[in-house]
Amino acid sequence: MKKIVKGNDFTMLVRVMKVVDGGKVPFSLPSCEEVRAFAVGLYRKYKLAARVSASDDSVLLCRVEGDALPLGNYALEVSGKLFGNDWRSNEYGQFRLVDSNAEADTEFSRDLVEGEDSVEMDTAIVFLPPEAGLVELSERLRAGVLDDVRREIAGCLPVVDAELSVESSNAVMNRAVSRALAEMREDMDFLHFVAMQRIGGKKEFTAKDFLGGQTRIAARAFQRYTELEKVTIPDGVTSIGERAFNKCSALKEIHIPDTVTSIGYGAFMGCNSIERAILPDSVTDMGDAVFCYCSSLREVSIPKGAAAIGDYAFGKCTSLKRVTVPDGVARLGRSAFSACTSMEEIILPESVSEISERAFQDCRSLAGVKIPDGVTRIGEYTFSGCRSVKKFVIPDGVKSIGVGAFNKCSALTSITIPESVAVIDEYAFQDCTSLAEVTIPEGVTDIKGNIFFRSTSLTRILVDTGNRTYDSRNGCNAVIETATGTLIAGCKGTIIPDGVTKIGYSAFAGCGITEITIPDGVIGVYNYALSYNTSLASVTIPESVTSIGEGALKGCTSLTAVTYKGTVAQWGNVSKGDNWNLNVPTDAVVHCTDGDVPLNG
């Protein structure tokens with residue numbers, strides 16, 4: 001069972017299996033409806049946001065919001081419907097939420113799910129065997145579909161029936177069973193066509209001859225058809241279903257008529273040979289992940305009728321350089337353009353009022369974005385990893401800056417924060433290693449922790465003199481919470497002034513200081529306050545300090561001496577949190593007024 005510190009937001013990768021002939025095999029989730037996931041605690045169940053992985057349809061990605069669950073052990077339960085029949089998993093103990101890093105044993109990865117702290121669960125979820133009636137229904141359905149496919153193929157191409165291999169038959173059969181019963185008849189034309197194309201080896205087609213009067217291309221109709229290079233969809237088709245051309249890896253050219261109004265989730269996801277996508281203005285509904293992982297896509301025309309660009313719509317389109325979003329689009333979805341590593345320019349219309357979290361994360365070539373005036377929030381990690389952005393002006397009207405919004409913008413030298421901003425969330429400017437100066441405006445009332453973690457060039461922090469919540473008194477180059485005297489964010493240029501009573505959580509974490517003197521009157525040094533300053537060699541602590549928090553000096557690998565302005569006995573009475581001196585050199589000493597003691601003693 002994994003142990004994870006409460007307060008972390010993270011995504012769990014959960015493998016879903018089914019029992020077949022006594023063994024466990026992967027279970028395809030897109031064929032199910034109403035798939036839900038729950039964290040099951042001692043007294044109640046908590047519903048988790050869950051989605052199917054884009055790279056493996058038997059993996060469920062379950063999002064845990066760190067503050068939503070109390071401390072304790074949790075099992076996972078997954079449930080859904082297959083052909084209208086309910087199924088659910090057994091409950092498996094998966095993780096425990098603990099309250100300190102000392103108890104935790106789990107490190108998150110950003111490689112499992114792009115841009116998200118994530119962890120793969122140790123135990124696969126296995127759902128209970130279905131009722132005998134459902135098994136019988138599935139078998140009868142498979143047999144009937146196969147007979148229909150064979151009859152249709154034989155009717156059109158008599159010679160093909162004898163050549164239909166067991167492998168091809170099973171592929172067609174499994175494709176059909178994965179679809180909902182209500183769509184089965186509609187999909188038959190496509191099953192027929194896919195079977196013929198795979199046997200005939202054709203690389204190009206016009207869909208008109210195979211639609212049979214239908215007006216929609218069904219979900220997963222041509223999924224993983226790797227021979228297909230060019231498709232022309234005829235006039236009259238109004239919708240393209242979910243994953244219709246998913247992972248057609250050779251597909252280079254697609255012609256979509258102006259009768260199409262809807263394109264479903266992941267319709268062209270993983271088509272990594274497509275270089276150009278011209279979508280007609282008739283499209284008003286673009287699902288999530290439509291062109292996600294289209295690594296060769298260089299040009300896209302977004303329809304003027306679209307109201308939103310969905311989640312992950314163009315995620316990992318690593319060849320896309322320039323995008324113009326048409327007027328009328330109001331929302332950019334989560335990770336809409338994330339990891340578009342070649343993108344240099346994106347033009348947003350004034351109609352955009354919502355830019356969701358991680359929308360431009362890891363757009364490493366993006367030099368800048370003009371944010372429309374109607375946007376009120378910069379979401380979490382929105383511009384994280386945009387390492388070519390040098391200057392950024394946040395428009396007046398933005399009220400909050402989310403967690404890690406400008407994290408790892410390593411070239412950023414100037415950021416303008418307007419008076420309208422009230423909330424700046426933690427790590428907002430983490431790893432902005434070129435940022436030298438920041439001004440906190442009058443309207444800011446809520447700064448959540450150290451917003452400048454590891455911004456090692458920062459030397460000047462100013463708080464507007466009209467701000468009633470925070471101040472930077474006496475030109476101290478720090479942010480101080482006025483009412484409590486807590487210094488919540490500092491930098492290399494900080495001189496801690498008189499009147500400060502506490503050094504806040506992560507206040508100087510990773511900021512690049514080489515020495516620091518904490519003045520008399522300070523009573524507490526909070527968790528991780530001076531952590532990860534690898535060049536910090538000297539710290540002076542007054543005898544007024546009564547507590548040093550967890551991890552306060554963690555990772556200060558160059559620290560050789562602490563000067564404590566009290567006696568050895570007083571130093572022994574100072575409360576010290578878990579791992580307060582973790583990774584500090586073993587020969588480091590504390591110089592007290594009446595003698596020295598080992599720092600690690």
Subject >> Derivation and outcome, side-chain contact (heavy atoms from CB on, under 4.5 Å), residues I488 and Y470 >> reply: CA-CA 9 Å; I488 64 171; Y470 303 104; 3.5 Å; yes
Subject >> Worked check of side-chain hydrogen bond (donor to acceptor under 3.5 Å, both in side chains) between N272 and S295 >> reply: CA-CA 5 Å; N272 50 27; S295 57; 4.8 Å; no
Original post:
Out of curiosity, L320 CG to F314 CZ, how far, rounded to the nearest 0.5 Å?
Top reply: 7.5 Å
Original post:
For V444, does its backbone N or O pair with a side-chain atom of N467 as donor and acceptor, under 3.5 Å?
Top reply: yes
**OP:** Can you run down the side-chain hydrogen bond (donor to acceptor under 3.5 Å, both in side chains) pairs that involve residues 486-512, sequence neighbours left out, and say none if there aren't any?
**Re:** T484-T486
Original post:
For the residue pair F337 and F360, does the interplanar ring angle fall in the parallel (under 30°), tilted (30 to 60°) or perpendicular (over 60°) class?
Top reply: parallel
**OP:** Give the minimum heavy-atom separation between V375 and E354, together with the two atoms involved.
**Re:** CG2-N, 4.4 Å
**OP:** Using atom types as modelled and distance alone, determine if a side-chain donor or acceptor of S547 lies under 3.5 Å from a backbone N or O of S575.
**Re:** no
Original post:
Can you tell me if N474 uses its side chain to pair, donor with acceptor, with the backbone of C476 under 3.5 Å?
Top reply: no
**OP:** Output every pair passing salt bridge (Lys or Arg N to Asp or Glu O under 4.0 Å) with a member in residues 444-460, not counting sequence neighbours, ordered by first then second residue.
**Re:** D431-R454, E437-R460, D446-K448
Original post:
Roughly how far, to the nearest 0.5 Å, is the OH atom of Y293 from the SG atom of C317?
Top reply: 10.5 Å
Subject >> From NZ (K370) to CZ (F392), nearest 0.5 Å >> reply: 10.5 Å
**OP:** Output yes when a side-chain donor or acceptor of S420 lies under 3.5 Å from a complementary backbone atom of K399, and no otherwise.
**Re:** no
Subject >> Separation of L559 CG from T514 OG1 (nearest 0.5 Å) >> reply: 11.5 Å
Original post:
How are the rings of F453 and Y532 set to each other: parallel, tilted or perpendicular (split at 30° and 60°)?
Top reply: perpendicular
**OP:** Please test F95 against L69 for side-chain contact (heavy atoms from CB on, under 4.5 Å), starting from the C-alpha separation and ending with a verdict.
**Re:** CA-CA 12 Å; F95 66 97; L69 305 182; 4.0 Å; yes
**OP:** For the pair K321 and E345, find out whether any cationic side-chain nitrogen is under 4.0 Å from an anionic carboxylate oxygen.
**Re:** no
Original post:
Is D311 paired with R331 through a side-chain N to carboxylate O contact shorter than 4.0 Å?
Top reply: yes
Original post:
With distance as the sole test, does T341 use its side chain to make a donor-acceptor pair with the main-chain N or O of R364 at under 3.5 Å?
Top reply: no
**OP:** Give, for atom CG of L348 and atom CD1 of I355, the distance between the pair rounded to the nearest 0.5 Å.
**Re:** 5.5 Å
**OP:** Flag yes if more than 12 heavy atoms outside R36 fall under 6.0 Å of its CZ atom; otherwise flag no.
**Re:** no
Original post:
So, the side chain of Q361 versus the backbone of S335: is there a donor-acceptor pair under 3.5 Å, distance only?
Top reply: no
Original post:
Is the backbone N or O of V522 less than 3.5 Å from a side-chain atom of S544, with the two atoms forming a donor-acceptor pair by type?
Top reply: yes
**OP:** Would you indicate whether the side-chain heavy atoms of T376 and S353 approach each other to under 4.5 Å?
**Re:** no
**OP:** Using modelled atom types only, decide if a donor and an acceptor are shared between the side chain of S319 and the backbone of L297 within a distance under 3.5 Å.
**Re:** no
**OP:** Measure the CG-CD1 distance between N527 and I548 for me, rounded to the nearest 0.5 Å.
**Re:** 11.5 Å
**OP:** Answer yes when R334 and D288 have at least one side-chain N-carboxylate O distance shorter than 4.0 Å, and no when they do not.
**Re:** no
Original post:
Does the D56 side chain pair with the main chain of S53, one donor and one acceptor, at a distance under 3.5 Å?
Top reply: no
**OP:** Would you indicate whether K565, at its atom NZ, is surrounded by more than 12 heavy atoms from other residues, nucleotides or ligands within a distance under 6.0 Å?
**Re:** no
Subject >> Short side-chain to backbone donor-acceptor contact, S531 and A552, under 3.5 Å >> reply: no
**OP:** Evaluate the criterion side-chain contact (heavy atoms from CB on, under 4.5 Å) for residue pair I451 and V479; output intermediate values, then yes/no.
**Re:** CA-CA 10 Å; I451 57 178; V479 180; 5.8 Å; no
